[in-house]
Amino acid sequence: LARDLGFNKRTVKGIATKGSEFGVVGTNFLISNVGCSGDESGINECTYTTSHAGCLSDNGAGVYCIDAGNLRLVGGTDVREGNVFIGRNPVCHNSWDEADAQVVCNSMFGDDFPERKGKVPVFKVTTGSAYGMSDNYAFIMDRVRCKGDESLLTDCPFVHKNIKCE
């Protein structure tokens, strides 16, 4: 579905929701019982039924689309330092460590280090909005747990809702 909405297939992570997480919907469902593997180019390639028996206004499907292609560093004095954001949303620092920072640096600047096979030296890992407080408290990721060899930050396990960034 994220691809249907125009996100980059290589960098987007779509996280399915159910139970009308974003608010109740009408009862005029077009399809139900949707099943996708993730390799489809659009929702029309997924399995589904056109029977809507039992579909209520609190049965709406939804999706969080997180596009790691919009990863950026904000507030630093150089393009290679700053608080981590995806788009305009900050990433929470809970459990943030060098492996997480390694994935950010590799995905953003790995092409600048071909002699190191894309592995960027990480000199400092910061937490607590070290490069300035964000005016946006809608954190997009929390408790990121990378191993350090992932291609994108969204390839790492993380929490995406009910974020309490302290």
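Quick note: numbers below take in every heavy atom, side chains included, and nothing from hydrogens, waters or symmetry partners.
Nearest heavy atoms, Phe113 versus Pro121: CE2-CD, 3.7 Å. Phe85 and Ser134 make their closest contact through CZ-OG, 3.7 Å (heavy atoms, listed as atom of the first residue, atom of the second, distance). In plain terms, the two heavy atoms of Arg143 and Ser95 that are nearest each other are CA-OG, 3.2 Å. Residues Cys92 and Ile163 come closest through the heavy atom pair CB-CG2, 4.3 Å. Closest heavy-atom contact between Leu153 and Val144: CD1-CG1, 3.8 Å.
Annotation: disulfide bond (SG atoms under 2.5 Å apart) contacts of Cys156 (sequence neighbours excluded): Cys146. For Tyr48, the side-chain contact (heavy atoms from CB on, under 4.5 Å) partners at least two apart in sequence or on another chain are Ile31, Val34, Thr50.
A donor-acceptor distance shorter than 3.5 angstrom exists from the side chain of Asn89 to the backbone of Ala138, with no hydrogens or angles considered. One N or O on the side chain of Thr47 and one on the backbone of Gly35 form a donor-acceptor pair closer than 3.5 Å. Looking at Asp155, its side chain does come within 3.5 Å of a backbone N or O of Leu152 through a donor-acceptor pair. Of the possible donor and acceptor atoms, one in the side chain of Thr49 sits under 3.5 Å from a partner among the backbone N and O of Ser32. Using a distance-only test at 3.5 Å, with no hydrogens or angles considered, a donor-acceptor pair links the side chain of Asn106 to the main chain of Val120. Not a single donor-acceptor pair under 3.5 Å links the side chain of Arg72 to the backbone N or O of Val84. Under a 3.5 Å cut-off, the side chain of Glu150 and the backbone N or O of Gly148 do form a donor-acceptor pair.
To the nearest 0.5 angstrom, Lys161 atom NZ is 14.5 Å from Ile140 atom CD1. Here the SG-NZ distance, from Cys105 to Lys119, works out to 11.5 Å after rounding to the nearest 0.5 Å. Between atom SG of residue Cys46 and atom CG of residue Asn33 there is a gap of 12.5 Å, rounded to the nearest 0.5 Å. Here the CG-OG distance, from Asn28 to Ser57, works out to 12.5 Å after rounding to the nearest 0.5 Å. Of the inter-residue distances, the one linking Gln102 atom CD with Asp100 atom CG reads 10.5 Å to the nearest 0.5 angstrom.
Residues Val125 and Met108 share a hydrophobic cluster, clusters being chains of Ile/Leu/Val/Met/Phe/Trp/Tyr side chains in contact below 4.5 Å. Residues Phe29 and Phe22 fall into different hydrophobic clusters, defined by Ile, Leu, Val, Met, Phe, Trp and Tyr side chains chained together at heavy-atom separations under 4.5 Å.
Contact annotation: the side chain of Thr126 approaches that of Lys124 to within less than 4.5 Å [non-hydrogen atoms, C-beta and beyond]. You'll find the side chain of Val104 reaches within 4.5 Å of the side chain of Leu71, heavy atoms only. With a 4.5 Å cut-off on side-chain heavy atoms, Val79 and Leu73 do not count as touching.
By the neighbour-count criterion of 12 heavy atoms within 6.0 Å, atom CZ of Arg80 is densely surrounded, having more than that number from other residues, nucleotides or ligands. Dense packing is recorded around CG of Asp78, with more than 12 heavy atoms of other residues, nucleotides or ligands lying under 6.0 Å away.
Donor-acceptor pairing under 3.5 Å is lacking for the side chains of Ser129 and Asn83.
Sorted by first then second residue, the ring-ring contact (aromatic ring centres under 6.0 Å, His included) pairs that include residues 136-166, not counting sequence neighbours, are Tyr64-His160.
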For this session: Could you please spell out the steps behind the side chain to side chain contact (heavy atoms under 4.5 Å, CB included) verdict for Val159 and Met141?
Result: CA-CA 6 Å; Val159 173; Met141 298 172 76; over 6 Å; no
